[in-house]
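Note that the structure is predicted; figures quoted are calculated from it, not measured.
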Amino acid sequence: MSDYEQLHRQCRTLENLFDTKLTSYSKLSASISRTHGDLEANGSGERWRDLEAELDDLLEKAAETNEGLATLSNDPELLSQSMLRAIQRHREVFQDNARELKRTKASVKGALDQANLLNGVRNDIDPYSAYKSSTADALLAERGRIESSYRMTDDVLDQAYETRSEFARQRASLAGINTRMMDVLSEFLVCPVCHLLKETQVPCLESTTLSV
C-alpha cells in the first residue's frame with residue numbers, strides 16, 4: 001500500500017469518527033441547555049469533558065495526517081489529479097471540522113455557564129422554597145381533612161335521604177296492597193248478599209204467580 005493510500009484511508013476514518021463524536025457533543029450541548037439540575041450529579045459534566053478530549057485528540061491526528069498528505073502533494077508528478085483533489089478535499093474538511101469544534105465548544109461553555117448560574121440561584125432559594133413548601137403542604141393537608149369531613153357528611157345525608165325515600169316507596173306499596181285487599185274483601189262480602197237476595201226474591205215471585 002502506497003503512502004498516499006494509507007494516509008487517505010486514515011483521513012477518512014478520522015473524519016467519520018470526528019463527525020460521530022461532534023454530533024454527540026452537539027447533542028450534549030443542547031441537553032445541558034435544557035437541564036436545570038446538577039451537571040456533576042447527572043453525569044453531564046464528566047461526559048462533556050470526555051467528548052471534548054476525544055474530539056481534540058481526533059482533530060490533532062487529522063492535522064498530522066493532512067500534513068503527511070500535504071508533503072506528498074509537494075511532488076505532484078507522483079500523484080494523479082484525482083489524488084490531488086482528494087488531498088485538497090481532506091484539507092477543507094479538516095478546516096471545517098476545526099471551525100465547527102471551536103463553535104460547539106463555545107456553545108457548550110455558554111450552556112455550562114448558564115446551568116451553573118441557575119444551579120447557584122436554585123441553591124440560594126431552595127431553603128426558602130422548602131419552608132414555603134412545608135407550609136403549603138400543611139395547609140393542603142388541613143384542607144384535605146376538611147374536605148374529607150364534608151364528603152363524609154354529604155354521604156351520611158345522602159344515605160338518610162335514600163332511606164327516607166325507601167320508606168316512602170314501601171309505604172306507598174303497602175297502601176296499594178291494602179287497597180287491593182279491601183277490594184277483594186268487598187267482592188267476597190257483596191256476592192253472598194246478592195245470592196241471598198236472589199233466593200228471597202224467587203219464592204215471592206212464585207207465590208204471586210200462584211195467587212193469580
Side-chain angles (χ1 to χ4, degrees), residues 1-138 140-141:
M1 182 183 296
S2 66
D3 291 341
Y4 167 79
E5 291 176 351
Q6 183 177 0
L7 293 172
H8 174 62
R9 290 187 178 184
Q10 287 179 0
C11 265
R12 293 186 61 180
T13 299
L14 290 170
E15 287 166 1
N16 291 332
L17 287 173
F18 186 90
D19 184 63
T20 301
K21 296 292 183 182
L22 186 62
T23 300
S24 299
Y25 191 61
S26 299
K27 289 180 178 179
L28 180 62
S29 172
S31 68
I32 291 174
S33 299
R34 294 191 301 268
T35 300
H36 301 297
D38 188 348
L39 297 177
E40 297 301 331
N42 60 32
S44 297
E46 182 178 357
R47 181 60 179 157
W48 156 67
R49 286 188 290 269
D50 290 343
L51 280 172
E52 191 169 279
E54 291 173 5
L55 285 167
D56 287 337
D57 183 61
L58 288 172
L59 196 64
E60 183 179 351
K61 291 178 179 178
E64 294 174 357
T65 307
N66 273 277
E67 287 177 4
L69 288 172
T71 301
L72 292 178
S73 66
N74 291 332
D75 193 357
E77 294 180 357
L78 300 177
L79 302 174
S80 65
Q81 289 299 316
S82 62
M83 291 178 179
L84 291 173
R85 285 194 295 271
I87 291 173
Q88 178 63 27
R89 178 56 185 161
H90 285 309
R91 185 180 300 110
E92 292 172 353
V93 170
F94 169 77
Q95 292 171 351
D96 290 341
N97 287 341
R99 284 192 296 268
E100 186 63 22
L101 179 58
K102 182 178 179 180
R103 185 191 67 79
T104 308
K105 279 184 176 182
S107 298
V108 171
K109 184 178 184 303
L112 286 170
D113 291 342
Q114 182 180 10
N116 289 330
L117 177 61
L118 291 174
N119 192 46
V121 172
R122 185 179 299 105
N123 290 335
D124 292 338
I125 66 175
D126 274 348
Y128 176 70
S129 297
Y131 170 75
K132 285 188 64 179
S133 177
S134 61
T135 304
D137 290 342
L140 288 174

Separation between OG1 (Thr13) and CZ (Arg9), nearest 0.5 Å, reads 9.0 Å
Closest approach of Lys105 and Asp56, non-hydrogen atoms and distance?
-> NZ-OD1, 2.8 Å
Of all the heavy-atom pairs spanning Leu69 and His8, show the shortest one and how long it is.
-> CD2-N, 4.2 Å
Separation between OG1 of Thr65 and CD of Gln6, rounded to the nearest 0.5 Å = 9.5 Å
Pairwise distance CG(Asp19) to CG(Leu58) - rounded to 0.5 angstrom = 11.0 Å
Give the minimum heavy-atom separation between Cys11 and Asn66, together with the two atoms involved.
-> SG-ND2, 3.8 Å
Which pair of heavy atoms, one from Leu22 and one from Leu55, lies closest together, and at what distance?
-> N-CD2, 3.6 Å
Residues Asp50 and Arg47 bridged, charged N to O under 4.0 Å | no
Val93: partners by side chain to side chain contact (heavy atoms under 4.5 Å, CB included), with sequence neighbours left out = Glu15, Arg89, Asn97
Tell me, do Gln88 and Arg91 make a side-chain contact under 4.5 Å, heavy atoms counted?
-> yes
Identify the heavy atoms of Ile87 and Ala70 that sit nearest to each other, and give their distance.
-> CG2-N, 4.5 Å
If you look only at pairs with a residue in residues 58-86, which of them pass as a salt bridge (charged side-chain N to carboxylate O under 4.0 Å, His left out), with sequence neighbours excluded?
-> Asp57-Lys61
Rounded to the nearest 0.5 Å, how far apart are OG1 of Thr104 and CG of Leu51?
-> 11.5 Å
What distance do Glu100 atom CD and Asp96 atom CG have between them, rounded to the nearest 0.5 Å?
-> 8.5 Å
Between Leu59 and Phe94, which heavy-atom pair has the shortest distance, and what is it?
-> O-CE1, 3.4 Å
